[in-house]
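Only one structure is covered here, and it is reproduced in the block below.
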8 protein chains.
Amino acid sequence: MNASELTKLLENVRLGKTDIKTALTRLKHLPFEDVEYAHIDHHRSLRHGMPEVIYCEGKTTEQIIGIIKRMLKAGSDILATRASSAVYTAVRKLDKRAAYHTASRAISIQHKKKALTKGIVLVLTAGTSDIPVAEEAVVTAEALGSRVQTVYDVGVAGLHRILSKKDILDSARVLVVVAGMDGALPSVVGGLVDKPVIAVPTSIGYGAGFQGLAPLLTMLNSCASGVAVMNIDNGFGAGVLAHRINLLGEKS
Amino acid sequence: MNASELTKLLENVRLGKTDIKTALTRLKHLPFEDVEYAHIDHHRSLRHGMPEVIYCEGKTTEQIIGIIKRMLKAGSDILATRASSAVYTAVRKLDKRAAYHTASRAISIQHKKKALTKGIVLVLTAGTSDIPVAEEAVVTAEALGSRVQTVYDVGVAGLHRILSKKDILDSARVLVVVAGMDGALPSVVGGLVDKPVIAVPTSIGYGAGFQGLAPLLTMLNSCASGVAVMNIDNGFGAGVLAHRINLLGEKS
Amino acid sequence: MNASELTKLLENVRLGKTDIKTALTRLKHLPFEDVEYAHIDHHRSLRHGMPEVIYCEGKTTEQIIGIIKRMLKAGSDILATRASSAVYTAVRKLDKRAAYHTASRAISIQHKKKALTKGIVLVLTAGTSDIPVAEEAVVTAEALGSRVQTVYDVGVAGLHRILSKKDILDSARVLVVVAGMDGALPSVVGGLVDKPVIAVPTSIGYGAGFQGLAPLLTMLNSCASGVAVMNIDNGFGAGVLAHRINLLGEKS
Amino acid sequence: MNASELTKLLENVRLGKTDIKTALTRLKHLPFEDVEYAHIDHHRSLRHGMPEVIYCEGKTTEQIIGIIKRMLKAGSDILATRASSAVYTAVRKLDKRAAYHTASRAISIQHKKKALTKGIVLVLTAGTSDIPVAEEAVVTAEALGSRVQTVYDVGVAGLHRILSKKDILDSARVLVVVAGMDGALPSVVGGLVDKPVIAVPTSIGYGAGFQGLAPLLTMLNSCASGVAVMNIDNGFGAGVLAHRINLLGEKS
Amino acid sequence: MNASELTKLLENVRLGKTDIKTALTRLKHLPFEDVEYAHIDHHRSLRHGMPEVIYCEGKTTEQIIGIIKRMLKAGSDILATRASSAVYTAVRKLDKRAAYHTASRAISIQHKKKALTKGIVLVLTAGTSDIPVAEEAVVTAEALGSRVQTVYDVGVAGLHRILSKKDILDSARVLVVVAGMDGALPSVVGGLVDKPVIAVPTSIGYGAGFQGLAPLLTMLNSCASGVAVMNIDNGFGAGVLAHRINLLGEKS
Amino acid sequence: MNASELTKLLENVRLGKTDIKTALTRLKHLPFEDVEYAHIDHHRSLRHGMPEVIYCEGKTTEQIIGIIKRMLKAGSDILATRASSAVYTAVRKLDKRAAYHTASRAISIQHKKKALTKGIVLVLTAGTSDIPVAEEAVVTAEALGSRVQTVYDVGVAGLHRILSKKDILDSARVLVVVAGMDGALPSVVGGLVDKPVIAVPTSIGYGAGFQGLAPLLTMLNSCASGVAVMNIDNGFGAGVLAHRINLLGEKS
Amino acid sequence: MNASELTKLLENVRLGKTDIKTALTRLKHLPFEDVEYAHIDHHRSLRHGMPEVIYCEGKTTEQIIGIIKRMLKAGSDILATRASSAVYTAVRKLDKRAAYHTASRAISIQHKKKALTKGIVLVLTAGTSDIPVAEEAVVTAEALGSRVQTVYDVGVAGLHRILSKKDILDSARVLVVVAGMDGALPSVVGGLVDKPVIAVPTSIGYGAGFQGLAPLLTMLNSCASGVAVMNIDNGFGAGVLAHRINLLGEKS
Amino acid sequence: MNASELTKLLENVRLGKTDIKTALTRLKHLPFEDVEYAHIDHHRSLRHGMPEVIYCEGKTTEQIIGIIKRMLKAGSDILATRASSAVYTAVRKLDKRAAYHTASRAISIQHKKKALTKGIVLVLTAGTSDIPVAEEAVVTAEALGSRVQTVYDVGVAGLHRILSKKDILDSARVLVVVAGMDGALPSVVGGLVDKPVIAVPTSIGYGAGFQGLAPLLTMLNSCASGVAVMNIDNGFGAGVLAHRINLLGEKS
């Protein structure tokens with residue numbers, strides 16, 4: 001039942017064409033019967049303040065192009081994650097504004113430049129190999145409108161590296177800490193700041209790293225309180241959450 | 001090397017009593033040699049905006065009482081988690097203001113009533129058995145100064161329960177979602193709101209729940225973006241993080 | 001918004017007291033704003049054809065008694081699983097009709113004897129130690145109204161035992177096969193019948209049985225097609241599902 | 001000992017050519033000594049009401065063609081799952097009627113069109129990437145003779161999608177719910193219907209999804225009662241079980 | 001259908017009272033319809049050359065006594081494993097001949113002393129704590145009639161201990177090697193002898209021993225070929241298998 | 001110290017050239033100081049009654065050829081497992097007698113045909129896909145001198161298949177049962193025979209089969225006593241053990 | 001064959017009583033036939049420079065007392081780990097010199113005070129709850145003769161704590177770092193020193209700590225090179241290894 | 001703040017240009033604000049006595065060349081591990097002195113030949129396939145300046161192999177024991193020597209070896225005390241630790 005049908009029902013009630021008992025019955029199950037007024041894309045944009053994001057892994061180029069076309073027509077900005085360069089070539093053909101973020105393998109199309117937040121999302125990595133995951137968080141948070149800074153390769157085995165960044169750490173409103181191997185950086189960062197810390201384990205490592213299980217467990221057991229954890233390699237999710245948290249500081 | 005010693009060293013340099021090379025050597029390793037100015041309790045309170053919290057599991061009553069005495073003397077508020085009622089009896093003897101939060105097994109002592117935040121931390125549970133973990137989050141966030149609301153027993157197998165709470169969901173600044181068994185509630189809540197969602201898996205369940213592993217994995221793989229995860233049964237950590245996020249909205 | 005409030009709104013529309021646009025707005029979000037008409041117990045009973053079941057593990061006797069009182073007042077039948085004999089004593093004091101099923105540790109109260117289905121739910125176990133889980137399925141399916149038969153201790157290491165029951169196997173409409181240790185019985189049973197087979201792994205065993213993980217994996221990998229699996233020791237769930245499947249054959 | 005040999009033995013008994021003691025001895029071990037009368041394909045077809053299905057993974061094209069030839073000669077319908085397009089090309093050369101179901105990678109040959117059931121098997125997926133597994137269930141159930149409907153991409157992070165399908169959910173006799181990542185959809189669906197729900201976890205996801213372990217555990221721990229679980233990606237098994245359950249409603 | 005019923009059927013065929021087609025139908029499904037001639041206890045004893053063994057874990061004293069009574073009446077020897085001393089007291093009251101093997105917690109009753117095999121089953125342990133599991137193998141193999149020798153506490157961290165037993169190793173027909181912790185002994189023993197080696201991991205150890213998982217994996221990956229592995233702590237199974245292998249050498 | 005050196009030392013003692021104390025010192029540490037007399041290949045052949053076997057996985061063709069050359073020169077028979085056809089081509093160039101066992105990917109060279117054992121090693125598989133692992137056992141046992149019979153594709157989902165082979169089962173001296181997926185066949189076979197059963201799990205399956213973990217656990221937890229388990233896909237080890245057991249029956 | 005027997009053999013060779021071939025045969029297998037000269041306790045003490053240590057877990061008080069009596073008679077120092085206070089009471093009755101180390105639950109008896117090493121073994125813990133494991137390392141290393149220092153409760157969430165101990169860190173010859181929960185301390189310490197670091201994970205923590213699995217994996221994946229890991233809670237092993245390493249610096 | 005800036009500050013204090021309070025403020029946060037004096041490479045070299053090592057896995061050739069260039073300019077020796085031959089070709093073009101260690105896939109460049117230690121690092125492997133990991137340890141320890149010896153293919157299934165190397169074992173100052181499959185060699189070696197033993201599990205094996213998990217657990221549970229464990233396949237880390245331990249014996 002969409003809005004016009006609902007209007008019609010109510011008019012019929014007013015006009016006496018439909019008796020109240022009949023209307024009551026139909027309305028009782030309304031939520032379950034009708035979401036015509038809740039079109040997927042628009043609804044999500046309204047609910048979440050962000051457009052739908054396309055996760056490309058396991059989708060064909062045709063499917064991705066099809067979805068992007070439909071979204072562009074609807075005036076939506078585009079963010080497509082884990083896209084191959086082949087996908088990018090196809091998207092680029094569709095729309096010249098498409099940008100490819102090589103490290104994170106993300107594609108973005110923005111209709112107009114957004115005003116960025118005053119608050120800063122700070123994205124850190126323990127090692128160089130963690131950068132692709134970090135960049136996914138960066139591209140995502142920026143696409144949503146957050147100002148982002150990055151500090152890479154400051155793992156705990158050389159503590160002076162992270163300690164020398166104390167000022168930058170203090171200036172951030174929310175921090176995304178990306179680490180593979182021992183995943184110890186979020187515990188150290190979490191002890192240095194009083195802001196929300198989002199930890200992202202990566203699959204970087206080998207042997208008993210078990211494709212990211214080791215840093216995932218490390219982070220879940222962080223002795224620094226107030227550290228929350230994302231799925232392994234989930235830079236995208238960290239970017240979304242960081243932006244949502246960042247927005248809270250903008251609001252007033 | 002504390003502040004006065006440092007002053008003395010600089011004075012000696014000025015007076016020519018210590019040559020620059022000697023001073024240089026001592027100063028090079030300064031950060032590693034001296035934290036007298038960074039007294040544990042005060043420092044943390046400054047850094048994190050929260051007093052040290054005592055995790056009672058595996059500590060003797062004597063140790064806990066010892067720590068609380070030292071902290072009270074320093075004028076600090078007290079929050080002790082996972083405390084048995086026996087511990088409470090002992091703490092109560094020490095300080096009449098001590099309150100025991102039975103469900104969460106937490107003890108708190110507050111020197112003066114805090115002004116609470118305007119923003120609301122909303123704590124939800126999927127089932128009744130998840131409440132003790134949720135209450136640990138509640139007690140923690142309140143002890144830190146957050147206004148907290150709770151909605152319990154709204155698991156996804158009876159969707160109308162959570163759907164009927166849409167208004168409360170929308171009014172919260174940050175949400176803590178506590179669930180055992182299938183751990184599906186955060187995915188549903190994450191799809192309904194545009195605020196940060198902190199998911200806490202509990203060890204509630206049996207068999208292939210594997211003491212909370214099942215809801216932990218569910219939450220890490222949440223199809224709702226922007227959901228971060230705490231350790232199993234870690235209501236305390238969720239309370240800390242929720243408060244930190246909540247504070248961001250207060251600040252301006 | 002409950003039924004009477006909804007009626008009132010519709011009456012106001014008819015009377016012209018409320019204009020359509022205002023009504024429209026309220027109704028649009030109806031499912032999210034109001035479940036007063038969907039009282040938990042009654043709603044579930046309508047939706048699922050079965051009363052709410054009380055899982056006693058981790059609830060205090062007081063909580064259990066409280067819930068049962070409320071349900072009895074509502075005229076509902078009672079099924080409480082994993083209840084200690086202490087809980088039973090308390091329930092018995094409340095209602096003389098309460099029956100305790102020792103093997104499965106379930107309590108049931110029925111207002112009037114149900115007519116049982118024609119179709120048979122057959123519950124089998126591989127060993128004697130699997131019987132408590134099997135009995136939970138039996139009590140549940142019977143409480144819901146299914147006719148149940150049982151064949152116990154027919155594990156595959158002595159094949160003649162299950163082969164001798166071919167007639168009973170063929171007479172069932174749906175089969176629940178309960179097994180611990182190697183969990184091989186559902187594969188054998190699944191190859192002998194053309195009816196739905198519900199496999200329930202139990203935590204019976206030791207060592208590399210890993211509290212039921214071994215039979216769980218065995219059953220998930222059953223080489224007999226058409227076998228579905230429940231959680232370890234979840235006799236209750238198997239009873240519910242078996243009854244639902246059984247009902248399909250009654251319906252016409 | 002096949003049927004004709006058995007007949008001969010009985011005739012010899014009748015004619016007095018074989019004394020009873022000798023016959024007794026041979027017959028005592030009959031099941032163990034002779035399955036000539038129980039030819040693999042025919043026997044299964046009789047027992048299970050479905051032809052043997054060829055699981056192609058790990059078989060050479062030659063082996064597959066060999067099996068299909070033998071089955072076609074026996075007049076059997078063909079269903080071959082997880083077949084590459086190369087295998088299809090070879091099968092197509094053998095028999096022009098062969099159809100290839102691209103999404104599910106299944107090949108089917110049917111001698112004559114089957115009358116479909118009145119009852120509906122409803123197959124749902126949480127995401128687009130789960131469709132291949134769902135289609136395996138669809139092709140299987142249809143090949144066996146069930147009427148199938150599908151509702152795809154209705155994951156719980158956008159609840160309105162599944163809520164809008166309430167009518168279709170209610171019209172089904174049995175539901176197959178396919179989901180990867182958090183695997184939460186079966187819990188929600190299980191709470192909305194009173195029919196048997198078969199949950200199929202998929203290997204869709206990454207990181208802590210552990211190739212389908214996460215949704216598998218979610219589903220095994222579903223807080224909705226009456227949900228049974230198949231192996232990861234086992235659309236075929238779900239199709240078989242759904243059909244068997246569906247048939248129960250046809251029978252009278 | 002038992003032997004007399006079968007005789008009767010054949011007689012009726014001979015007498016022409018039953019026509020061949022009818023007899024054929026009944027006989028076709030014989031194995032599935034009748035195991036009256038295969039009484040559980042006797043059948044197993046015939047098939048396996050060993051009486052049924054009672055696994056006491058999880059059975060009540062009443063159940064155990066009931067089973068033993070029935071078996072004694074049938075003239076069977078008794079072996080009951082993992083029995084508490086309380087159970088023994090009860091069994092002893094039943095039959096004075098009952099012996100309790102304290103280390104292995106096994107009870108045995110033998111009607112007459114068996115002649116032991118010439119061949120030797122050699123049972124070794126890596127440590128002192130592994131002895132209870134080893135003794136379960138010893139008691140079992142002896143109860144079945146094997147001559148058993150034992151060499152305990154010869155773990156690989158002090159190699160000279162096992163090396164000094166070379167003669168005993170060489171004299172055995174089959175070896176049972178019991179080890180917890182690193183589970184390395186079977187690899188060393190397997191390299192020293194040319195006889196079958198049965199490895200039994202124990203749950204002895206702590207931490208990353210994971211209740212026997214570590215030695216289990218070690219043994220499964222033994223670099224000595226010809227080593228087979230039992231479940232963790234399964235001394236009973238090792239005793240049975242060792243006896244069966246031992247018997248092969250006796251037979252001619 | 002090799003045999004000739006040792007002889008010389010003893011001669012020197014006899015001749016009085018070396019005093020006893022000196023000789024004593026050298027001999028005390030003999031085992032640790034000298035294995036020149038224990039040349040790897042010969043020693044193993046003496047100890048184990050079988051030549052060294054070459055596991056090709058992870059060795060270069062050059063390494064494999066080098067080892068085979070050295071062994072052929074020593075007059076040893078050759079068995080090389082998990083060899084690619086490329087390796088075979090190279091071996092064939094070296095020695096025309098080389099045979100390649102395609103299914104098991106094994107290469108064998110035998111100097112003269114061995115007399116086979118009277119006793120039979122019976123190798124069974126649950127499915128067709130388990131055959132390569134089974135064939136590795138077959139080739140190994142035959143190369144060592146055992147008479148081998150095979151029964152393939154007799155999985156428990158179609159019980160009549162294994163039941164019809166009762167005679168062959170009874171005729172074997174030792175049985176190797178190879179199965180993937182649910183790994184249930186060894187439990188059934190173990191209940192039908194009174195001979196040693198060696199169970200070999202395979203990595204055949206998908207999803208929750210976890211590359212052979214499922215059948216491995218099933219077999220370790222077999223409810224049939226006297227079943228021992230090899231590593232996943234370890235047909236070679238099963239062949240060695242089966243031969244060793246088989247030899248016991250030949251010996252007298 | 002002990003030394004006197006060996007002497008006798010050699011004398012017989014010299015005297016011509018035993019011919020060389022016979023002697024050769026006996027000597028060839030010497031290491032395997034005789035370890036009478038390698039008495040367990042003395043041999044280990046010679047080989048390892050440390051007395052045998054008694055691991056009390058799972059031994060009865062009688063067994064422990066028996067072993068200690070035998071060792072005391074042999075003049076050996078005593079170290080018994082994981083001993084209950086009940087065991088201590090019994091040991092104390094045996095020998096007044098017995099000392100009980102409450103935190104580590106270790107008992108030691110030393111015949112005379114050892115001269116300690118110059119080099120320092122430094123034992124650190126992340127938290128207070130890790131101290132019992134640390135103390136086991138301390139007691140062990142001291143019993144063996146190492147000088148030990150301790151720095152407790154310096155986890156990485158409050159970095160200033162470990163940084164302030166830079167001097168002590170630099171003064172140690174080998175470091176034992178004990179940590180539960182996230183297990184991050186060894187990575188930080190490993191980055192601050194150039195000495196060997198032995199990491200000991202503890203079972204301290206809850207939920208996804210999985211009884212020490214989390215810190216174990218963290219430490220195995222340490223991004224600081226040169227960190228080796230002990231079993232969970234294995235303070236004893238760390239003490240032994242630290243002492244052995246420490247001794248290397250003493251030796252010249 | 002680097003050394004020259006720090007000197008300048010001190011000079012200004014001496015000259016009275018900067019007052020003490022201002023200097024104090026700057027110095028208080030020195031470690032956190034400035035690591036210019038702690039240039040990554042130099043600092044590490046000072047702290048750890050070893051140059052930074054480049055782990056090539058997951059870095060592009062360009063990145064690796066860039067890092068090497070920067071390090072060569074700084075006069076640093078080069079060690080690059082897990083480098084493909086393609087990377088080597090590029091490095092070789094950059095610097096003719098570059099050597100490629102094929103087995104370990106490591107590249108090294110040394111400015112001048114180092115004097116090696118007197119003490120010996122002994123590296124052992126259980127099998128031939130473990131050699132690549134062992135060689136990584138060898139190359140690393142040698143690049144750092146240790147004298148290294150190797151003993152390969154001395155697994156415990158043929159004990160005489162390791163026993164014959166007793167002299168070499170005794171001559172080593174520290175031992176690195178590399179093993180896959182059952183990982184039993186470190187337990188045996190640890191029982192034969194009184195020196196530190198570093199165990200390195202490898203991913204060699206199959207099936208229940210689980211990519212090195214089996215030998216990892218074996219080693220963590222070693223019954224020989226004083227054995228520490230590295231990550232699976234981490235030859236590099238073992239080389240670093242062995243060198244550090246080795247150096248302790250050189251120092252005096």
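Throughout, protein chains are lettered first and strands after them, A, B, ... in sequence-line order, and every chain is numbered starting at 1.
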Point to revise | Between CG on residue Leu159(F) and CG on residue Leu163(C), distance to nearest 0.5 Å | key: 6.0 Å
**Study point:** Non-hydrogen side-chain atoms of Val188(C) and Val188(F) separated by less than 4.5 Å
**Key:** yes
Study note, to complete from the structure: Smallest heavy-atom separation, Cys223(C) atom then Val156(F) atom, equals SG-CG2, 4.1 Å
Review point. Just wondering, are more than 12 heavy atoms of other shown residues or ligands nearer than 6.0 Å to CD in Glu142(C)?
Key: yes
Point to revise | Most chain C-contacting option - heavy-atom pairs closer than 4.5 Å, from Pro186(F), Ala214(F), Ala184(F) | key: Ala214(F)
Exercise for review: Drop me the distance from Leu216(C)'s CG to Leu217(F)'s CG, to the nearest 0.5 angstrom.
Suggested key: 10.5 Å
Review point. In this structure, which one of Asp182(C), Thr218(C), Leu220(C) forms a side chain to side chain contact (heavy atoms under 4.5 Å, CB included) with Asp182(F)?
Key: Thr218(C)
Review point. Which atoms of Tyr206(C) come close to chain F, meaning under 4.5 Å heavy atom to heavy atom: side chain ones, backbone ones, both, or neither?
Key: backbone
